[in-house]
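Report on the structure given below.
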Protein chains: 2
Amino acid sequence: METVTIKDIAKALNISTSTVSRALRGSYEINAETKRLVMEYAEKVHYSPNPIALSLKENKSRAIGVIVPEIANHFFSQAINSIEEVANSRGYHVVIFQSHESYEREVTNIQHIIARKVDGLLISLSGQTSDVSHLHEIQRKKLPLVLFDRISHKIDAHKVVADNFDGAFKATEHLILSGRKRIAHITSPSLLSITQERLAGYRAALEKHGFQYDESLVKYCGFSAEEPKRIIEELIESQNPDAIFTTSDRLALDCFSALREKNILMPNDVAFIGFTNLKVAHLLEPSLSTVVQPAFEIGQAAAELLLDSIERKTTNIEQFRTIKIPTEMIVRKSSES
Amino acid sequence: METVTIKDIAKALNISTSTVSRALRGSYEINAETKRLVMEYAEKVHYSPNPIALSLKENKSRAIGVIVPEIANHFFSQAINSIEEVANSRGYHVVIFQSHESYEREVTNIQHIIARKVDGLLISLSGQTSDVSHLHEIQRKKLPLVLFDRISHKIDAHKVVADNFDGAFKATEHLILSGRKRIAHITSPSLLSITQERLAGYRAALEKHGFQYDESLVKYCGFSAEEPKRIIEELIESQNPDAIFTTSDRLALDCFSALREKNILMPNDVAFIGFTNLKVAHLLEPSLSTVVQPAFEIGQAAAELLLDSIERKTTNIEQFRTIKIPTEMIVRKSSES
DNA sequence: TTGTAAGCGTTATCAC
DNA sequence: GTGATAACGCTTACAA
């Protein structure tokens, strides 16, 4: 990787490196002619400043770290999409890490991130994360931090989330209003903030309409390939729901698969709604109404919040913000049975 | 972002920075006691070396750049997944860029990448990319480069691809053997290497079985939201295919949608096969046989090739390799009409 | 075994 | 208006 440095330019032009530097960054105290000369030569040899040297000098890397449970998950890849967009437009680069839903790997990632000297960190917690001392460590080091989507209440920091309560409320109410009585809720691990918020929305809707909350209709699923399948089959068999409200593409698909196998028809036998991202959702199953996860908006807001936080000099007496992105419900005609 | 440096340790222990450095990196020419002291203190104050300083010194960043058309695409996010895994396990970080299928943005990304001083680059070309002088520029700078999936024949470099010819051949033959006569092929922009390879496989299978290649059954689609929809509808209407072989999740979904709207049944009226990634594929439509895109394996092989190339000192007289990953065809019973 | 000093590429602070 | 010099954090000849 051959490179042209400021030194090479200085040597070639028989001037000092400081002059070159000044010319390049358009300092005013410089001879117009010298400046032109330098600029021309720099252009000619494709000079580009070494960002690593800059980083060392300024003690910042113009890179932000992003830790997500899994890249190959539509929600997170969409979020990363917008994060990348915002970051790039503001001159930052994005360094990606995956926790693979493992607390340990999340901690390791954090260590890497700290060592890497990124200027800030965006994180969505793993399904196993309960203890957040690794995040406190980040804050102790005064590294700007924004949690998004899967957050923790054990830490005071910037947060960006979907309005999961409202989304779940709307979803559940939709099922109720279309006449369903036994509305199952299949959701993510109970540890996660999104799980709790959605459960609360589900319960609130039930209560509003005079339904009794029935614990046996609620199932938490991990991220393995088999567990959801098993749990869902069990639920369908033993609880006989006439509607299902689920919280991810993955779980929705597993539900469809299970229903298909048992020859249970949607929307006749079972009405369905889910928090999903796939544009495919309604192709998959025309009766699938959806609460769209605002992945793009969450990533965008999180990245902007982080960059603002990085660039604000007076980072000390900073108020932590929590941004809640509204969700949109898309109701398919065919589910209005 | 407060930090402990080697200097702080030296000062605290009243020794020189070089001694600290030597102790830390376990140099042999050092007193065991001094070493212990340094190690202990470093541990205590959570010392971690500044990778930026290292980078500057060694002129390498231990980061690799990845340019993909779109992160929020299952194929690429899966590929990034394995790239991240390989890179991390070998002590590298992954910096992500998206071209958004735009040649211009690809060029800009390359400039960023070069400026960023990554140690190597993985790239999958945009749908608009024909000219590859930006890649030649990369090579001129002796920056290790691996093209994956969407490659170009205009450049001699390491490449990792799926066996698209074979996959397309198998897919087409499968449709032929199940009795189909008018097999449409809906595919990506004709510029792309994958498009050409798959088209060749499709043609070869037709020829083997004595079918005449019919241009009007082959349609190229861009990546906009509307174009594929329009093209597909037109094709179905005017050409009356009894089978469709398509080359991406996106296109498969658009086909399903179009067929549904026209009340054309699968697999009775139309048999279907596609290059897809979604595990969902067969849930979507039980008749969908699939040639699985080996995204994970491609990413893995590409990352390994790149890192080997980076770490091999004698990068000069290096043979360029092309790795072809086999594809697997998954045939659903119900498509054997 | 340890310390001194130079150097990686850049900019800021002094002189001149 | 320009040039020398120090500094960012670290490693490594070279001296001691």
Side-chain angles (χ1 to χ4, degrees), chain A residues 1-39 41-42 45-63 91 114-119 141-143, chain B residues 1-39 41-42 45-63 91 114-119 141-143:
Chain A
M1 181 68 183
E2 50 176 55
T3 323
V4 185
T5 75
I6 225 171
K7 238 183 213 170
D8 301 322
I9 302 182
K11 207 171 294 171
L13 265 47
N14 249 313
I15 54 181
S16 77
T17 58
S18 22
T19 304
V20 177
S21 173
R22 275 188 284 249
L24 255 19
R25 62 193 39 266
S27 174
Y28 41 96
E29 42 177 15
I30 191 153
N31 183 300
E33 174 61 7
T34 316
K35 183 168 171 178
R36 195 185 55 73
L37 238 50
V38 171
M39 293 301 244
Y41 187 77
V45 298
H46 296 109
Y47 169 79
S48 85
N50 184 330
I52 295 180
L54 264 298
S55 290
L56 182 59
K57 193 141 196 31
E58 302 173 0
N59 199 31
K60 59 198 199 53
S61 60
R62 293 221 141 234
I114 293 178
R116 255 275 135 167
K117 301 243 180 305
V118 295
D119 293 342
K141 300 225 178 212
K142 304 236 184 304
L143 185 63
Chain B
M1 180 68 182
E2 50 176 57
T3 322
V4 185
T5 74
I6 226 172
K7 236 184 214 168
D8 300 322
I9 302 182
K11 205 172 294 170
L13 265 45
N14 247 313
I15 54 182
S16 78
T17 57
S18 33
T19 305
V20 176
S21 172
R22 278 188 282 249
L24 254 22
R25 61 193 38 264
S27 174
Y28 40 95
E29 43 177 14
I30 193 155
N31 182 299
E33 175 60 8
T34 316
K35 183 169 171 179
R36 196 184 54 74
L37 238 52
V38 171
M39 293 302 246
Y41 187 77
V45 297
H46 295 109
Y47 169 79
S48 85
N50 185 330
I52 295 179
L54 262 298
S55 290
L56 182 58
K57 187 135 198 35
E58 303 174 359
N59 199 31
K60 59 198 200 53
S61 60
R62 293 222 140 234
I114 292 178
R116 254 276 135 168
K117 301 242 180 302
V118 294
D119 293 341
K141 300 224 177 212
K142 304 237 185 301
L143 186 62

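So that the names make sense, note that chain A is the first sequence line, chain B the second, and so on, each numbered from 1. All of these numbers come straight from a predicted model, not from anything done at the bench.
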*Hey, which of these two, B/A53 or B/I15, hits DNA chain C nearer its 5' end, going by closest nucleotide?*
B/I15
*Restricting to pairs with a member in residues 12-25 of chain A, which pass side chain to side chain donor-acceptor pair (under 3.5 Å), not counting sequence neighbours?*
A/S16-A/S18, A/S16-A/T19
*For B/T19 and for B/K57, find the nucleotide of DNA chain C with the closest heavy atom, then tell me which residue's nucleotide is more 5'.*
B/T19
*asked:* side-chain contact (heavy atoms from CB on, under 4.5 Å), that's the test. Do A/I114 and B/H46 meet it? Break it down for me.
replied: CA-CA 11 Å; A/I114 293 178; B/H46 295 109; over 6 Å; no
_Rounded distance (Å) that lies between atom C1' of C/dC8 and atom CD of B/E58_ = 10 Å
*Whole-Å distance separating the CG atom of A/L56 from the P atom of D/dT11*: 12 Å
*To the side chain of B/S21, which of C/dT11, D/dT12, D/dG9 is closest?*
D/dT12
_What is the distance, to the nearest angstrom, from the CG atom on B/L54 to the C1' atom on D/dG9?_
9 Å
*Tell me: OH of A/Y47 to C1' of C/dT11, nearest whole Å?*
10 Å
*asked:* Output the rounded distance in Å from CG (B/D8) to P (D/dC8).
replied: 10 Å
*Using atom NZ of A/K7 as one end and atom C1' of D/dG3 as the other, report the distance to the nearest whole Å.*
15 Å
*Just how far is it from atom CD1 of B/I15 to atom CG of B/L37, taken to the nearest 0.5 Å?*
7.5 Å
*Look at the side chain of B/S55 and the backbone N and O of A/I52, then say whether any donor-acceptor pair between them is shorter than 3.5 Å.*
no
_Touch class at under 4.0 angstrom, heavy-atom based, for B/R25 against every strand present_ = sugar-phosphate
*Could you work out which one of C/dT10, D/dC10, D/dA13 sits closest to the side chain of B/P49?*
D/dC10
*Check every atom of D/dG3, C/dT1, C/dT10 against the side chain of B/T34 and return the nucleotide holding the closest atom.*
C/dT1
*Is there a donor on the side chain of A/S18 or the base of C/dT10 sitting less than 3.5 Å from an acceptor on the other?*
no
*Check the distance between D/dG9's P and B/K60's NZ and give it to me in whole angstrom.*
20 Å
*Within the pair B/S16 and C/dG3, is there a side-chain N or O less than 4.0 Å away from OP1 or OP2?*
yes
*Any donor and acceptor pair, going by atom type alone, linking the side chain of A/D119 with main-chain N or O of A/S61 inside 3.5 Å?*
yes
*Interatomic distance where CG belongs to A/N59 and C1' belongs to C/dT10 [whole Å]*: 14 Å
